[in-house]
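Let me begin by presenting the structure, written as structure tokens, before commenting on it.
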Amino acid sequence: QVQLQESGPGLVEPSQTLSLTCTVSGASITTNSYYWSWIRQPPGKELEWMGAIGYSGSTYYRPDIKNRTSISRDTSKNQFTLQLSSVSPEDTGLYYCARVVVDAYEYDYWGQGTQVTVSS
């Protein structure tokens with residue numbers, strides 16, 4: 001059974017860097033055919049894809065946040081991490097990590113989500 005678990009601070013001050021980690025169990029993040037994504041949902045809005053890291057370590061980002069987004073991984077811990085810099089209250093929301101089946105471009109496993117609030 002594949003499980004994903006997000007972790008990180010629930011409160012971040014404006015202009016600071018948000019850092020979240022997704023710990024994966026039951027599957028390796030280096031197995032081909034899968035990408036590992038970060039998705040968020042601002043209050044009252046749709047889910048929005050933020051970026052992903054592939055099995056080879058290649059990264060992909062949403063264009064409008066690319067300049068302040070970084071996704072990395074620690075293969076020894078089977079974790080991948082999101083860093084979002086210069087946050088503002090507009091970055092408040094539920095943050096999810098999820099696995100993507102590359103061929104089908106479908107999400108097959110999700111974390112439970114973690115609430116992040118940007119506020120002073």
Side-chain angles (χ1 to χ4, degrees):
Q1 179 74 6
V2 179
Q3 292 184 321
L4 294 85
Q5 179 67 59
E6 303 91 349
S7 60
L11 180 64
V12 183
E13 293 189 355
S15 81
Q16 299 301 303
T17 296
L18 178 163
S19 183
L20 296 174
T21 295
C22 183
T23 301
V24 180
S25 60
S28 171
I29 62 173
T30 61
T31 299
N32 62 12
S33 301
Y34 300 108
Y35 285 3
W36 304 87
S37 290
W38 286 99
I39 302 106
R40 68 181 180 183
Q41 186 169 30
K45 296 185 178 181
E46 302 276 326
L47 289 168
E48 58 182 45
W49 176 79
M50 299 183 70
I53 187 164
Y55 50 85
S56 65
S58 300
T59 52
Y60 310 87
Y61 301 112
R62 182 185 177 95
D64 60 340
I65 59 172
K66 181 178 180 179
N67 288 341
R68 57 190 189 95
T69 306
S70 177
I71 298 175
S72 59
R73 66 181 186 174
D74 185 335
T75 57
S76 68
K77 296 180 180 179
N78 214 38
Q79 296 174 332
F80 61 106
T81 297
L82 169 73
Q83 290 192 308
L84 183 67
S85 62
S86 304
V87 297
S88 71
E90 286 68 39
D91 294 307
T92 292
L94 269 170
Y95 284 70
Y96 298 92
C97 56
R99 189 175 81 167
V100 183
V101 180
V102 175
D103 288 349
Y105 206 75
E106 292 178 344
Y107 297 101
D108 62 350
Y109 289 98
W110 292 71
Q112 63 183 20
T114 188
Q115 174 68 37
V116 176
T117 300
V118 179
S119 175
S120 55

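Excluded from the calculations below are hydrogen atoms, water molecules and symmetry mates; all remaining heavy atoms, backbone and side chain alike, are included. Since the structure is predicted, the reported quantities are computational estimates derived from the model, not experimental observations.
Pairs passing the side-chain hydrogen bond (donor to acceptor under 3.5 Å, both in side chains) check and including a residue from residues 8-21, sequence neighbours excluded, read Thr21-Thr81. Judged as a disulfide (SG to SG under 2.5 Å), the pairs with a partner in residues 67-120 (not counting sequence neighbours) are, in order, Cys22-Cys97. Each disulfide (SG to SG under 2.5 Å) pair with one or both residues in residues 61-93, not counting sequence neighbours, would appear here, but there are none. Evaluation of the disulfide (SG to SG under 2.5 Å) test over residues 39-82, restricted to residues two or more places apart or in two chains, returns none. Listed by first and then second residue, the disulfide (SG to SG under 2.5 Å) pairs involving residues 54-84 amount to none (not counting sequence neighbours).
Among all heavy-atom pairs drawn from Arg40 and Leu84, the shortest one is NH1-CD2, 3.7 Å.
Distance CH2/Trp38 to CG/Leu20: 5.0 Å, rounded to 0.5 Å. Taken to the nearest 0.5 Å, the CD1 atom of Ile39 stands 12.0 Å off from the CG atom of Leu94. The distance from atom OH of Tyr61 to atom CG of Leu82, rounded to the nearest 0.5 Å, is 8.5 Å.
Side chain of Asn78 to backbone of Ile29: a donor-acceptor contact under 3.5 angstrom is found.
Residues Phe80 and Trp49 do not share a hydrophobic cluster, clusters being chains of Ile/Leu/Val/Met/Phe/Trp/Tyr side chains in contact below 4.5 Å.
Shown here are the side chain to side chain donor-acceptor pair (under 3.5 Å) partners of Asn67, two or more places apart in sequence or in another chain: there are none. Every residue meeting the side-chain contact (heavy atoms from CB on, under 4.5 Å) condition with Lys77, not counting sequence neighbours, appears here in chain and number order: Asp74, Gln79. The side chain to side chain donor-acceptor pair (under 3.5 Å) search around Ser85 returns none, not counting sequence neighbours. Tyr35 meets the ring pair (Phe, Tyr, Trp, His ring centres under 6.0 Å) test with Tyr60; sequence neighbours excluded. For Ser25, the side chain to side chain donor-acceptor pair (under 3.5 Å) test picks out no residue, with sequence neighbours left out.
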Using distance only, find each side-chain donor-acceptor pair of residues 100-120 under 3.5 Å and give its atom names and separation, not counting sequence neighbours.
{"residue": "Asp108", "atom": "OD1", "partner": "Arg99", "partner atom": "NE", "Å": "3.1"}
{"residue": "Asp108", "atom": "OD2", "partner": "Arg99", "partner atom": "NE", "Å": "3.3"}
{"residue": "Asp108", "atom": "OD2", "partner": "Arg99", "partner atom": "NH2", "Å": "2.7"}

Report all side-chain donor-acceptor pairs from residues 50-59 shorter than 3.5 Å, counting only partners two or more places apart or in another chain.
{"residue": "Ser56", "atom": "OG", "partner": "Ser58", "partner atom": "OG", "Å": "3.2"}

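Under the 4.5 Å side-chain criterion, counting only non-hydrogen atoms from C-beta, Leu4 is not in contact with Tyr96. For the pair Gln83/Ser72, no side-chain contact is recorded, criterion being any heavy-atom separation below 4.5 Å from C-beta on.
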